[in-house]
Amino acid sequence: MAHLTGVEPRPRIRHNDYSPLTPPPIGAWTPTLSASVVIPAHGGQHRLDLTLAALAAQTYPAHLIEVIVVDDRSDPPLRLPDLRPDNTRVVVVPPGGWGAGHAMNAGIAAAEGEIVQRLDADMVISREHLEALFRWHHLTDYLVTIGGKKFAEEPALTPAQVHEAVRHGSPEDLFDPSALVSSSTEETIRRLDGLRASKNPYQVCTGPTVSLRRALLDDVRGFDPEVVRGQDTEFAYRLAQAGAVFVPDMEARAVHLGLPAQRGEHGKSIVRLVETHLAHRVPLRRDLRKEPGRRWLVPYVEVVFDVTGADERRIVAAVDAVLRGTLTDVVVTLVGPWSSLDGGRRWAPGTEAFDLALVKAAFGHDARVRFADRAAPTAAPVPFRYTTPVDSPPAPALLERAVKAMLEERIGLLVLDLPGGGTATLERTEAVARARRLAKPGEDPADVIAQTHGVRHAASSEFETSSTAAKPAAPAASQATSKPVTPNPAKPQATAGPGAPQASPKPAAAQAPQPEAAAPRRRGLFRRS
């Protein structure tokens with residue numbers, strides 16, 4: 001594939017199968033993108049010297065690279081050695097935080113490159129390491145590239161030895177081959193066909209060497225400085241929710257000086273700290289959320305009701321129905337003219353403002369209920385969003401069952417026909433975000449979701465309990481498989497905005513299966529911003 005010029009359409013990668021991309025052979029292409037290598041560091045001057053010596057021998061053009069060492073209050077302060085890339089500088093973390101995430105944000109703020117490479121301060125990388133990772137970013141702009149690594153106890157090395165070995169393409173010669181320890185990340189990558197078959201590829205994006213385009217990084221607003229362990233996985237999760245594709249490149253070889261922290265004396269404690277952070281911030285880690293009565297920082301599902309024009313009783317009934325459901329890990333967003341309320345003004349009974357004021361008084365202290373004049377473009381970092389009319393709240397088990405079905409079938413959009421007419425939608429955030437990124441001007445993002453993740457129609461009764469659901473009809477042939485099937489694209493299903501009453505589309509059972517299913521037209525379902 002040719003280099004991305006900014007006017008060519010982005011490739012529409014399905015899930016994480018980046019097979020349509022063909023990177024140029026190392027050494028047989030001309031790089032054009034500038035890059036910033038950001039190295040967070042606290043102490044470890046000698047290891048940093050070795051890392052910089054390896055960076056000074058890279059095949060990626062030196063004039064396109066800057067290196068930023070972020071000193072996280074080392075004592076004594078870090079210094080730049082003589083053997084380093086030409087454009088290297090040190091920045092000191094600002095007050096107000098500590099840890100790799102806080103340091104990375106400081107380095108990102110100082111970075112000027114179109115590509116940002118996060119690199120540990122104890123990595124000896126091969127000479128083609130940066131080139132191998134950066135060549136992918138010349139193909140398209142929503143990739144996250146991951147380098148390979150092995151672990152080794154640090155032998156007695158000088159920066160000059162490292163530089164010479166890397167320059168000649170043999171950094172592994174510096175280490176005893178029998179002492180090199182393979183990383184679990186590389187083993188997972190091999191098992192999952194280079195992550196092409198991975199359902200959650202962000203989980204192997206663990207930090208020591210990762211690169212991405214600056215614009216994608218800015219979309220997720222950098223690292224969470226409050227996460228002092230596991231910050232790379234949390235960051236990668238948010239990148240996944242932004243629609244990113246994760247590409248490991250094992251030609252980007254490296255040796256990590258020192259064994260993984262999890263194997264050390266305090267390994268179990270470190271793992272526990274990581275899991276505590278991820279439990280609150282990565283809802284897809286259901287194994288970490290086994291206590292149903294607990295409230296989590298990032299919910300699993302957002303339910304959106306457009307309450308414009310609805311009275312207080314209908315709104316309260318809808319919210320209570322969600323909060324009483326079998327899935328407790330939820331948040332409810334009520335979309336309406338909330339900004340029109342003035343706390344110092346008395347609203348007359350019988351007006352819309354009066355009903356809204358009652359609702360806000362009822363739920364204003366409940367962290368599970370949010371008030372917004374308009375829904376955000378996506379639910380990120382929440383991984384799922386359910387949008388339904390206020391008069392059709394989900395049955396108690398619907399959310400739990402529908403999300404489970406989406407995960408099993410790996411679809412991005414589920415369109416549900418409601419018993420009283422109209423439709424509801426369950427969106428997968430990563431699919432919506434990718435569609436918004438890839439859709440051409442005027443194109444319905446739902447059509448893109450059909451290509452990248454899949455779209456399916458179903459009756460809401462399919463996901464309700466037997467006590468609340470009507471007896472379902474025999475499944476249509478098109479719904480008996482895991483492949484997403486949608487109505488005939490020649491008859492698009494026009495709908496109103498989120499939560500508004502909608503015309504019921506023609507049942508999927510009456511549609512002839514299409515070779516390439518097109519998504520239903522859903523005006524107002526996705527907003528551009």
Treating [X] as the side-chain partner and [Y] as the backbone partner, does any N or O pair qualify as donor plus acceptor under 3.5 Å?
X	Y	result
R213	L143	no
E128	T59	no
D444	A446	yes
R47	L257	yes
R196	D193	yes
R10	R437	yes
R135	P24	yes
E114	S34	yes
H453	I411	no
R385	T378	yes

May I ask you to test the [X]-[Y] pair for a side-chain heavy-atom distance under 4.5 Å?
X	Y	result
Q58	E131	no
R434	V245	yes
D232	V210	no
L130	L55	yes
L416	T388	no
L119	V67	no
H138	P31	yes
K150	E186	yes

Open item on the list: Does the plane of the ring in F384 sit parallel, tilted or perpendicular to the ring in Y300? Use 30° and 60° as the thresholds.
Closed with: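 Perpendicular.
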
Open item on the list: In terms of relative ring orientation, are F151 and H256 parallel, tilted or perpendicular, with 30° and 60° separating the classes?
Closed with: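 Ring orientation of F151 relative to H256: tilted.
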
Can you name the nearest heavy-atom pair linking [X] to [Y], along with the distance?
X	Y	answer
A402	L414	CB-CD2, 4.0 Å
G230	V274	N-CG2, 3.8 Å
L133	S211	CB-OG, 3.7 Å
A380	Q241	CB-CB, 4.3 Å
A424	Y386	CB-OH, 3.3 Å
Q451	R14	O-NH1, 2.9 Å

Open item on the list: Check this for me: does any side-chain nitrogen of one of E234 and R238 sit under 4.0 Å from a carboxylate oxygen of the other?
Closed with: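 Yes.
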
Open item on the list: So, using side chain to side chain contact (heavy atoms under 4.5 Å, CB included) as the criterion, who are the partners of E112 when residues are at least two apart?
Closed with: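 Partners of E112 by the side chain to side chain contact (heavy atoms under 4.5 Å, CB included) criterion, ordered by chain and then number, come out as E66.
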
- [ ] Quick one: list whatever passes side chain to side chain contact (heavy atoms under 4.5 Å, CB included) with D218, sequence neighbours left out.
- [x]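 For D218, the residues satisfying side chain to side chain contact (heavy atoms under 4.5 Å, CB included) (neighbours in sequence not counted) are R214.
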
Interatomic distance, [X] atom [atom1] to [Y] atom [atom2] [nearest 0.5 angstrom]:
X	Y	atom1	atom2	answer
E172	S126	CD	OG	7.0 Å
F223	L217	CZ	CG	7.0 Å
F235	N105	CZ	CG	8.5 Å
T233	R281	OG1	CZ	12.5 Å
Y237	L284	OH	CG	5.0 Å
R401	E464	CZ	CD	9.0 Å

Open item on the list: Applying side-chain contact (heavy atoms from CB on, under 4.5 Å) to I13 and T452, what does each step give before you reach the verdict?
Closed with: CA-CA 6 Å; I13 297 171; T452 63; over 6 Å; no

Task: Derivation and outcome, side-chain contact (heavy atoms from CB on, under 4.5 Å), residues M250 and R190 - done: CA-CA 10 Å; M250 296 302 99; R190 283 191 292 268; 5.7 Å; no

Open item on the list: Between V69 and L52, does the side-chain contact (heavy atoms from CB on, under 4.5 Å) criterion hold? Intermediate values first, please.
Closed with: CA-CA 10 Å; V69 177; L52 292 175; 4.3 Å; yes

Task: Residue among Q117, R118, K149 satisfying side-chain hydrogen bond (donor to acceptor under 3.5 Å, both in side chains) with T209 - done: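 Option passing the side-chain hydrogen bond (donor to acceptor under 3.5 Å, both in side chains) with T209: Q117.
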
Open item on the list: side-chain contact (heavy atoms from CB on, under 4.5 Å) for L239 and V220? Distances and angles first, verdict last.
Closed with: CA-CA 7 Å; L239 287 170; V220 299; 3.7 Å; yes

Give a yes or no on whether [X] atom [atom1] has more than 12 heavy-atom contacts from other residues, nucleotides or ligands under 6.0 Å away.
X	atom1	answer
R286	CZ	yes
D86	CG	no
E275	CD	yes

Task: Full working for ring-ring contact (aromatic ring centres under 6.0 Å, His included) between F246 and Y202 - done: CA-CA 7 Å; F246 296 83; Y202 72 87; 7.2 Å; no

